[in-house]
**Student:** 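Have a look at the structure that comes next, please.
Nothing here was measured: the structure is a model prediction, and the numbers come from that model. Below, chain A is the first sequence line, B the second, and so on; all start at residue 1. All values below come from the heavy atoms of this structure, side chains included, with hydrogens, waters and symmetry mates left out.
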2 protein chains.
Amino acid sequence: MIDRIYSELRQQIVNRSIPPGAKLSETQLSKKWGVSRTPIREVLRRLESEGLVNSSPHRGFIVNSISIEDVDHIYTIKISLEGLAGRLATPIISKDPQKMKAIQNLIREMETHSKRMDVKAYSKKNLQFHISIWNWCGNPWLTKILNHLSSQLNRFIVSALHVPNRMERSVKEHRKIVEAFRMGDARAVEKALGAHFKRASEDLKNELIKKSE
Amino acid sequence: MIDRIYSELRQQIVNRSIPPGAKLSETQLSKKWGVSRTPIREVLRRLESEGLVNSSPHRGFIVNSISIEDVDHIYTIKISLEGLAGRLATPIISKDPQKMKAIQNLIREMETHSKRMDVKAYSKKNLQFHISIWNWCGNPWLTKILNHLSSQLNRFIVSALHVPNRMERSVKEHRKIVEAFRMGDARAVEKALGAHFKRASEDLKNELIKKSE
DNA sequence: AAGGACGAATTTGTATACACTTGCCTTGAA
DNA sequence: TTCAAGGCAAGTGTATACAAATTCGTCCTT
């Protein structure tokens, strides 16, 4: 039960249905879920050490805000670690025809969604693509960190892909990554992934600047 | 109070005075600290989501073990992120004479301890050296992750520096890093740090193989 | 009318109580 | 003597109760 509350609350924070800055009242949450405050507090403490909520003594918990600077900092780490994950995943993926096929299917679907300008469907497949790499990198610690960073970013990104031609360019970048996988060239995968996320971060930054103007 | 218990318990786990595999009884801990079980449980949940303890339903919490594979996985990430932190820290450190001086002082002390074969004092300064880089990289998320990884490793490393000439070689590697800082060459810092931790990880692995024979 | 101070209500922090699960120990039978 | 079954002790999971702190509203003063 407690795990259910945890994951559901977590998701609500990550997908912004509980917005940053919102107060998380223990009493309210315990009523909503029909449990006492004790398990609710444990859930909130877990979310706190994940960096998703903040607490101050006698004032309770609020959903952590994430600033533009934070996004920048997180992307800096992400660029490095996504590349690393790709490099580690290369021998695993390229030697396994089933995995290779799965990746190629994903990119084909992405292409279709891109042509139809279906941003939402595209984003979903895009995330699946990268999660596959995390899961196949063979380093569970790395997988966990990337998941973590991604959760934080999801709370910020409403949609960066509305930039004109973003999807089209993105497909090209992904094709480069897949090609490097196919060749089994780990360094090329690392480089292509790094470049891809660097561009993604720049696009996001530009979008944010435009919005703030 | 709860924070005090958290940090003290955490340190005891990290420095192995509570060994991996040890059972953490809520009742026992609450007696020891003179508080009720409620705050103890919150502390344990926090430690759980940090990956320092594991819990199973109705069986309580035990200190998480860390395997040789985990050490390998963590070092892989560390090599990448320590390099990144160094690269980011370069302009900050090299432009600040005070920081530059602090770093140079540390390496001088490390050299002294190395000559006297004082492993413990050396390790301490060595850690300080690297923590300085984390703190001056300007990316608090990165600092936090590196701290995190370091805590996990500390639980494993008894002493890798007993390898013959390890300290001497280590000093040389650090001097290379400092020299790159002095030149303001971020890429060189990144490379030197990466090489340093790669060698550290290999030394540790060799030590572990030797022990297991 | 505005600002501050006091007090009530709400909310958090912690203790305690009780239900339920687990694991151990005892006892009895093969 | 060994193994199994049942019960008991210990410990976790959760609810509830109470203490302490904060917040908000009201009232008084300037």
**Student:** Please report the distance, rounded to the nearest Å, between CD1 in Ile5(B) and P in dG13(C).
**Tutor:**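 That distance rounds to 14 Å.
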**Student:** Just how far is it from atom CZ of Arg46(B) to atom OG of Ser7(B), taken to the nearest 0.5 Å?
**Tutor:**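 Arg46(B) atom CZ to Ser7(B) atom OG measures 9.0 Å (nearest 0.5 Å).
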**Student:** Give the angle between the helix axes at the two ends of the helix from dA1(C)-dT30(D) to dA30(C)-dT1(D), taking five base pairs at each end and rounding to 10°.
**Tutor:**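 So the angle between the two local helix axes works out to 10°.
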**Student:** Which heavy atom of Trp141(A) sits nearest a heavy atom of Asp70(B), and at what distance?
**Tutor:**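 It is NE1-OD1, 2.9 Å.
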**Student:** Would you say that Ser150(A) contacts Leu127(A) through its side chain, given a criterion of any heavy-atom pair below 4.5 Å between the two side chains?
**Tutor:**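 Counting from C-beta outward, Ser150(A) and Leu127(A) do come under 4.5 Å.
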**Student:** Strictly distance-based, threshold 3.5 Å: is any side-chain N or O of His174(B) a donor or acceptor partner for the main-chain N or O of Ser170(B)?
**Tutor:**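 Answer holds: yes.
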**Student:** Let me confirm one number: the CD1-OG1 distance from Ile107(B) to Thr112(B), rounded to the nearest 0.5 Å.
**Tutor:**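 If I round to the nearest 0.5 Å, the distance is 11.0 Å.
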**Student:** Would you please name every residue forming a salt bridge (charged side-chain N to carboxylate O under 4.0 Å, His left out) with Lys205(B), sequence neighbours left out?
**Tutor:**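 Checked Lys205(B) against salt bridge (charged side-chain N to carboxylate O under 4.0 Å, His left out); matches are Asp72(B).
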**Student:** State whether Glu42(B) and Arg45(B) are salt-bridged, where the test is any N-O pair (Lys NZ or Arg NE/NH1/NH2 against Asp/Glu carboxylate O) under 4.0 Å.
**Tutor:**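 No salt bridge links Glu42(B) with Arg45(B).
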**Student:** Report, as a single string ordered 5' to 3', how protein heavy atoms within less than 4.0 Å touch nucleotides 11-18 of chain D: B base, S sugar-phosphate only, - not at all.
**Tutor:** SBBBBBB-
**Student:** Are His196(A) and Phe129(A) close enough that their ring centres sit under 6.0 Å apart?
**Tutor:**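 Between Phe129(A) and His196(A), which both carry aromatic rings, the centre distance is not below 6.0 Å.
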**Student:** Nearest whole angstrom, please: distance from the P of dG13(C) to the CZ of Arg4(B).
**Tutor:**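 Roughly 19 Å, once rounded to whole Å.
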